[in-house]
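Convention: sequence-line order gives letters A, B, ...; per-chain numbering from 1. Every heavy atom of this structure was used, including side-chain atoms; hydrogens, water molecules and symmetry mates were not.
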Amino acid sequence: MDPKQITRRWFFEQCGVGLGAAALAQLFAESGFAAQQPHFAPKAKRVIFLFMAGAPSHLELFDRKPQLAKFDGTLPPPELLKGYRAAFINPNSKLLGPKFGFKTYGKSGTELGELLPHLGEIVDDVAIVKSMVTDAFNHAPGQLLMNTGTMQFGRPSMGAWVLYGLGSETKDLPGFVVFSSGSKGPSGGDSCWGSGFLPTFYQGVQFRTGGDPVLYLSNPPGVDRELQRDSLDALNQLNTMRAGVTGDPEIQTRINSFEMAFRMQAVAPDLMDISKEPKETLEMYGAEPGKASFANNCLLARRLVEKGVRFVQLYHEAWDQHSNLVKDLQKNCVNTDQASAALIKDLKRRGLLDDTLVIWGGEFGRTPMVQGGSDGRDHHPNAFTMWMAGGGIKAGARLGETDDLGFNVVKDRVHVHDLHATMLHLLGFDHTRLTYKFQGRNFRLTDVAGSVVKELLA
Amino acid sequence: MRGALLLLAVGSAMAADIDFTRDVQPILAENCVRCHGPNAPMAGLRLDGQPKPSSVILTRVTASDPKVRMPMGGPALTGAKVDVIRQWVLGGGKHWAFVPPVKPKAAGIDALMVEKLTHEGLKMSPEADRATLLRRASLDIIGLPPTPAELDAFLTDQRPNAWERQIDRLLASPYYGERWGRVWLDAARYADSNGYEKDAPRYVWFYRDWVINALNRDLPYNQFIIEQIAGDLLPNATQDQKVATGFLRNSMLNEEGGVDPEQFRMEAMYDRMDAIGKGILGITIQCAQCHDHKYDPLTQEEYYRLFAFVNDTHDANITVYTPAQQAKREALLRRIGELQAKAPAIPPDQTDWRVLKLTVDDISTGGERELPLADGSMLAQGYAPTKHTVEFTAPSELDTVAAVRLELLTHPSLPGGGPGRSIKGMGALTEFTVDVAYPDAPMKFEKIKIARATADINPPETPLDPVFDDKSGRKRVTGPIEFALDGKDETSWGIDAGPGRRNQARKAVFELETPLKNAKNAIFRIRLKQNAGGSNSDDNENHNLGRIRLSISSTPDPVVTPPVDPAVEALWREYPEGTTQLVLMDRGSDHRQTHILNRGDFLQPGRVVEPGTPAFLHPSQGKDRLSFARWLVDPKSPTTARSIVNRVWQQYFGIGIVATAENFGTQADAPSNQALLDWLAVDFMENGWSLKKLQKTIAMSATYRQSSNATPELLSKDPDNRLLARGPRFRVDAEVVHDIALSASGLLNREIGGPSVYPPAPAFLFKPPASYGPKMWKVEEGPERYRRALYTFRFRSVPFPTLQAFDAPNGEMACVRRARSNTPLQALSTLNEPLFVEAAQALARRVLKEGGATDRERVAYAFRLATARVPAADESAVLLGLLEKEDHRIADGWVGAKELGGTVEPPAGTTPRQVAAWTAVARVILNLDETITKE
C-alpha cells in the first residue's frame, strides 16, 4: 500500500476525526515521508555543508598562481579593473603574491596549498571547482546568496528547501541542524538558515556544543525526567479530551510536537556527548569532548546524519583576512583542515559517503591585490574555490580555471545558482521544478537561473 | 503549517482571474443559452458567443426572489459561479481586484455568509458559550485573556446588549492599540536593530508607540496611511506626524565594512516599495523592479514611477521628545530666547574662506565611506569604525595660506542631525595635522606647524561617556580644541554641548605658525584622527565626525568662542534628553532623480522617470509624496480598503477572505466570498475608515460568534474553515502566547509604550560565535521583565527565541500573513523557558493565595485564569492526580521544593512544598493546547 494511505488510515484511527491539512503535512514531515516526490532517483540523501564564512583565500589554498608571485608588488592591468568594485581597497592596489607554497597530493597529483595536508590525504575522493563566481562582495549579502539563492532577505535557505523537498528522516530531532564555530557568528545571521516563506518547520535549528544543545532542551530546575513525563501525560490526556470536544485535528499535532520534544530531550544530549566515541575517532577529527570547536562539530555532524538529520550546516566564521593573512590562514587551517578531511574519511568507512553530499566553501574569494601593508586581501566575488565529495559527486573531478592572477574565471564558470542546481539534482530534484508558490508566483532556490554542472556528477 | 496544503481546500472553486472562454462561457452555456441563445432569445438578450458583460445579468442571478432569479425555474447558481459572473460583470473583463469595490445588495456579514453557505449546502454552527466568546473577543481585540472578574460580569449580564457592551469595552481598552499595533508592525517590518552583519541597535520605538496611540485613538485608516507615507509634508506637521514616516524607515541598513551606501539605500528603497505594495495596496509589485510584471498589468517603468514618489527624500534621523519633555522644552526655549535677546550678536567670519576640493584616501577610512556633497563637504556613511584617521588631500587655490578651517556640519542623515555619527550625533577630533607638498615634489609632504587653534566650542575636560569605553583602561577625555593639537591619543576636541545645543554646526580654525607663501597648487594633506570611540565597531560605539568641510584663508581668522551667560547655562542644563528616531525628510530643492534601473541594478541606471501612478489604476493628483499618500487611500484605490479589511478578517478568522493577504493581483487566491469582502471594504470606507467600527461589525456578527467545534462532516467538507460554517479555532500569535502566560500568572506589567525591554534570553545568543558581534542584552531584573511581548527588543539577526519559535517575523521584510507552525521547539519553549517557568511559579502562588480553600477550587481557578472556563470533572481529576503525585514526590525528596517552586516567598499560610506542587500543575495548564489557542 502507498505509505501515504497507511498514514491516512492510521491518522483516522488515531484521531477519529477528519484530516486537517496542517496535521497531515506535519505528520508527513515527522514521519519521514517525502514532502515532495523526487523527480528522479536521488544519489544523495543528506547534505553536510561546511560553510567557511568570511571567505577563504583561494589564492593561498587552492588556486596556484606563479604569475601572481612574479608580479607581486606591481599594479594589476587596468583593463582587469574596469567596472570592478572592491569593499575596502582601491581596486588599483598592488598585487600580492601567494603567501604559502603549494604541494602535490594524491594519485591525481592535485596541487593544494601547503596548509591543507589533510585534505591532501583525501583529495582523490573530492571534486574541486576553481571557477566559482558570485554576485555579492559584502559578507551578509554574499552569505545570503550562497544560502538562499538571492541577496535579499526573506527567502528559504537551501537546508529548508532540501527538507521541504525530501522531508525528515528522524522523529526525534530537527531535520536541519546548524552549528557555529570560529571567532564570531555568520554575517547573514539567523536568515542563513531561515525558512523564508516556507513553513517554519523547515528552518534550521541551531545546536551548540556547550550547555543545552538546543535552546530550552533541559528541564527547568526541579523538574526531573519523571515529572516531565507526568506533565506530558497530563497534557496529553487533557489535550485529547479537548480534541474530543472541539474536533480539531491540530490538537493531535500539538500532542505529537510535545512528544517529539520529549524524545529530543532524551536523544539530543546523548547524541551531543562525543566522549564515548573511540579514541581513534576523536583523534582522527582532532575532537576533544566538552570543547567547542569545528572539529567537534564535524564529528557531531556525522552523528546527526546517522540519526536521520537531513541537512547539517557548520559555520566557521574566521576567514575574513583583510589583515593577518599569514597567521590567520595558518590558524584556520589548523582548526579546520584535519576535521574536514576526517569527516570524509569517517563517512566513507561507514558507508555513508555514497549518499551524503559534503560541500566545503565560503561566500566569495579574496583579491589578488593587497589590502594594507602586505598581509591582507579584500573581498572578491569574481573567482573562488569550493570542494565537494560523496553523494553522487565524481571523485577526483577538477573543474574550472582562473586567469594568471586568479582574478577572473576563464573556463567552466560555476555560479552559486549552478551549485544549488547541482546539489538539488543529486538529491533527486530538478531545480526548476522544486517550487513553492508564494505571492502569486512559484519560487525556487535557484530563482530564475542555474544549471546542473554535469562534469561534477559521478 | 496550515499554508502548505491550503490549495486543496479552495483551489478548485475558481481560478484566480476571470478568463471569459475558460470561466464564463461554460456557465452561460450551461445555464443561460437554452433561453438566451440564437433562436428567439428571451427578452432579446443573447448570451451565446461573446456577449458583453451587463449588470442586469448579475442582478438577476443574485436575486433572492425566485420569480426574478435566473436561471428561471432552475436552482440558483452556486456561489462560485455567481462570483465568476460578478467578476466578469463588474470588471468589464478587468481583474476583479483592480475594479473598485461596490457594495452588494445583501447587507451585512451574516446575510452574505448565509448566502454563501446555502450555496455550499452548509449552515452556521450554533453560538459559542459566553465564556468562550469573551475569551475569543479578548484575545482578538486586546490580545489578553479575560480576567475572572471580567468573565463574571459578562456571564451574569442579563441585558440584551451585553455582548455589545463587552465589544465596546474591549475596543476602548488601551491594550487594543498594543494588540493591533503589533499586527501593523509586522507589515511595517518593525525591529529595533539595523539588520545585516552589524545589526546595531536603532532607536525607533517612538514609531512603535505612535502606531499604538494612533490605533487607540482610532485615527482613520486613510489618515493613518497618509501620515506614515508623508506625515512630514502635512501643513504644520507635528512631531507625531514626522515620527509616523518611520514606517518607511524600518528598512534594514547595511553598515558592514566596505559597503557602497547607495547600493543598500536602493535595497532599502525596494523594501519600502514592497512594504507599500504588500502592506497598503495588497499587491505584490516587487517583480517589476527588474522587468515588467509577468502577471499583473504593472510595467517596470510604472514601478519606477511609483518609486520616484518616495525616492526624493533624506533618510533622516531626528531627535524626538515625549509630550512632557516637549512641554518643558518649549518653556525653556522661551526663557532662553528672552535672556539671549539681550546678548551681543556673534560676529560672522570675516575672511574669505576658500573651500578645499577634497580627495579622500579610501584606505584610510577603515571601511567608512566619504560621500562628496555639492558644497565641498564630505559626508561619512556606511560602516563606522570606532577608531580611524581619515586622510584628505586637496590642492591650494591660494597663494598665501595662513589658516585652515575645519567645519563640522549637520546633515539630516546623521543621528539627531549630527554633526557627528555617535548615537547622539556627536563626534570628537583626536588630532588634526596638515602636511604640504609642492608640485615639483608632489609626494614629499612636510609637516606644517600650527601656532594656535580656536573653536566655537571649547568644553572643559570631560571623561568620555561609558559608551566610548575602549577597554584600554586609559583615562580618555574630551575637551577644548587644544586637545586636537597635543599629540595625545587620550585627548580629543569634544563638541557635546548637552541636550538642546548638541546637534549644531561647529568650527575650528588652525592658524599656521608661518603663513605659507607661493602656496598656489601646493597639495595639502589633512588628517583627521578620530580615536575617541569605543571597543566594538559592530555596535553604536563610534565617535566619528559626520560631515566635514575644510577651507583655507590668507589671513588668520580666529573663531570667537561665544561668551557664557550663567543664567542661560543653568536653563540649558534642565533641557530634556530626547531620543532619536528614523524618519523621512524632504530634500527641498536638492532633488534626487529616479531612473529606471536595468534589471534592478543600481549601477545600470536607464531613463529618468517622473513620479506617476500605473495606468491600470486611478490617476494621482500630484507628483509629490503627499499626493502619492492620498492616492493610496483614495476611495477609488481598488485594493487599499479591501486589503486592510481582509487582514483584519484574517486576524479574527485565521485566514483572509483572500487567503493571499499580501497579493490581490491576478495570481492571488480567489476570494472565498467576494461579495462579503466588497461589502466590508465599502462599509469600512463609508464609516470613515474606522478600524474600530470595522472590528465591531465583525465581532457583533453571528458568523464570529459561532462555536468553533468541528464535526467530522465540516472537517471533511471545509478543512481550513474558509467557508466559516463554524467559528475560528487556531493557535494565537507568538506575542499573545507570551502575554497569556504572564497575564494568567499575574506577572504581567501593563505599562504602555517606552523603550524596548530585555526579558531573559540565553546570554550566548548575543555573543560570538552565535552572534556576529557582541550585542548588549542586559536582562531586566525589575518589572520590565514582565512587559508585553510587543516591547521585547528585536534584534533582526538574533530573533528573540520564544517569539521566533511561534512564528513572529523578524522584521526583514513586510509580513502581512504569519505562518502558524506547530513544532517541538514550541513545546520546549513553553515547558522549559525561564519566563514561562516563572509564570508557572507565579500562577501557583496566585492560586494558593486567591484560588479558594480546596484543591478542586484551586484547580478550577487556575484553569479558568488560563482558559476562561471551569474544567470538567474528568479534566480536574487529571490535574488533581498530578498534584497529588508531585506533592508526594516533593515530600519524598525526589523533587526539590524551592528548585521547582522558585525562591519567591510563598503566600501567607502556604509552604514551599505547596508552591512547588502547584507549579507542576500550573505548568501543565499553561502548556495546554487550549491555553495558547483561541477557540
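In this structure, chain A has a heavy atom under 4.5 Å from the side chain of B:E256, while its backbone stays farther away. Residue contact with chain A, scored on non-hydrogen atoms closer than 4.5 Å, involves the side chain of B:T830 exclusively. Neither the backbone nor the side chain of A:A318 comes within less than 4.5 Å of any heavy atom of chain B. Heavy atoms of B:Q263 lying under 4.5 Å from chain A belong exclusively to its side chain. Using a 4.5 Å cut-off between heavy atoms, B:E875 contacts chain A through both its backbone and its side chain. Neither the backbone nor the side chain of A:Q143 comes within contact range of chain B; no heavy atom of the residue lies under 4.5 Å from a heavy atom of that chain. For A:N219, the parts lying near chain B are the backbone and the side chain together; criterion is any non-hydrogen pair under 4.5 Å. For A:V214, the part lying near chain B is the side chain, with the backbone staying farther off; criterion is any non-hydrogen pair under 4.5 Å. Heavy atoms closer than 4.5 Å to chain A are found nowhere in B:D199, neither backbone nor side chain. In this structure, no portion of B:K767 lies under 4.5 Å from any heavy atom of chain A. Residue contact with chain A, scored on non-hydrogen atoms closer than 4.5 Å, is absent for B:L714. Heavy atoms closer than 4.5 Å to chain A are found in the side chain of B:N254, but not in its backbone. With a threshold of 4.5 angstrom between heavy atoms, B:F836 does not approach chain A through any atom at all. Neither the backbone nor the side chain of A:E259 comes within contact range of chain B; no heavy atom of the residue lies under 4.5 Å from a heavy atom of that chain. Interface remark: A:S195 contributes no atoms to any contact with chain B (heavy atom separation under 4.5 Å). Residue B:S771 touches chain A through its backbone alone, counting heavy-atom pairs closer than 4.5 Å. With a threshold of 4.5 angstrom between heavy atoms, B:E368 does not approach chain A through any atom at all. Residue B:L928 touches chain A through both its backbone and its side chain, counting heavy-atom pairs closer than 4.5 Å. With a threshold of 4.5 angstrom between heavy atoms, A:L232 approaches chain B through side-chain atoms but not through N, CA, C or O. Contact annotation for A:S181: only backbone heavy atoms (N, CA, C, O) come within less than 4.5 Å of a heavy atom of chain B. The contact between A:F137 and chain B is made entirely by side chain atoms (from C-beta outward), counting heavy-atom distances below 4.5 Å. Using a 4.5 Å cut-off between heavy atoms, B:V924 contacts chain A through both its backbone and its side chain. Contacts between B:R369 and chain A at a heavy-atom distance below 4.5 Å involve the side chain alone, from C-beta outward.
The closest donor-acceptor contact from the side chain of A:Q371 to the backbone of A:G376 lies at 3.5 Å or more, if one exists at all. Side-chain N or O atoms of A:T246 include one that pairs as donor or acceptor with a backbone N or O of A:D248 at under 3.5 Å. In this structure a side-chain-to-backbone donor-acceptor pair under 3.5 Å is missing from A:S93 to A:I89. Under a 3.5 Å cut-off, the side chain of A:N239 and the backbone N or O of B:D929 do form a donor-acceptor pair. No side-chain donor-acceptor contact under 3.5 Å links A:D230 to the backbone of B:E886. Remark: side-chain polar atoms of B:S821 are not paired, donor with acceptor, to backbone N or O of B:T823 under 3.5 angstrom. Side-chain atoms of A:T150 come within 3.5 Å of backbone N or O of A:Q152 as a donor-acceptor pair. The backbone N or O of B:L603 lies less than 3.5 Å from a partner atom in the side chain of B:D601, making a donor-acceptor pair. With hydrogens and angles disregarded, no donor-acceptor distance shorter than 3.5 Å links the side chain of B:R189 to the backbone of B:E812.
For the options B:G258, B:P834, B:G773, B:S829, heavy-atom pairs under 4.5 Å to chain A are most numerous at B:G258. In terms of non-hydrogen atom pairs under 4.5 Å with chain A, the most contact-rich of B:P801, B:P774, B:G881, B:G902 is B:P801. With chain A as partner, the option from B:G896, B:A920, B:A770, B:G257 having the largest number of non-hydrogen pairs under 4.5 angstrom is B:G257. With respect to chain A, the highest number of heavy-atom pairs below 4.5 Å among B:A661, B:P768, B:S707 belongs to B:P768. The candidate from B:D362, B:T365, B:L825, B:N810 with the greatest count of non-hydrogen atom pairs under 4.5 Å with chain A is B:L825. Interface summary for chain A: among B:Q826, B:R796, B:E935, the most heavy-atom pairs under 4.5 angstrom belong to B:E935.
A centroid separation of 6.0 Å or more is found between the aromatic rings of A:Y202 and A:F176. Taking the six-membered ring wherever Trp is involved, the centroid distance between the rings of A:F364 and A:H379 falls below 6.0 Å. Taking the ring centroids of B:Y196 and A:F153, they lie under the 6.0 Å cut-off.
Because its NZ or CZ atom is both nearer than 6.0 Å to the ring centre of A:F262 and within 45° of the ring axis, A:R229 counts as a cation-pi partner of that residue. Within the cation-pi definition used here (under 6.0 Å to the ring centroid, within 45° of the axis), B:R820 qualifies as a partner of B:F730. Judged by the 6.0 Å distance and 45° axis criteria, A:R155 is not positioned over the aromatic ring of A:F197. By the 6.0 Å and 45° rule, A:K437 does not stack over the aromatic ring of A:F443.
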* **Intermediate values then yes/no, side chain to side chain contact (heavy atoms under 4.5 Å, CB included), B:D271 and B:E267** => CA-CA 6 Å; B:D271 168 68; B:E267 290 294 335; over 6 Å; no
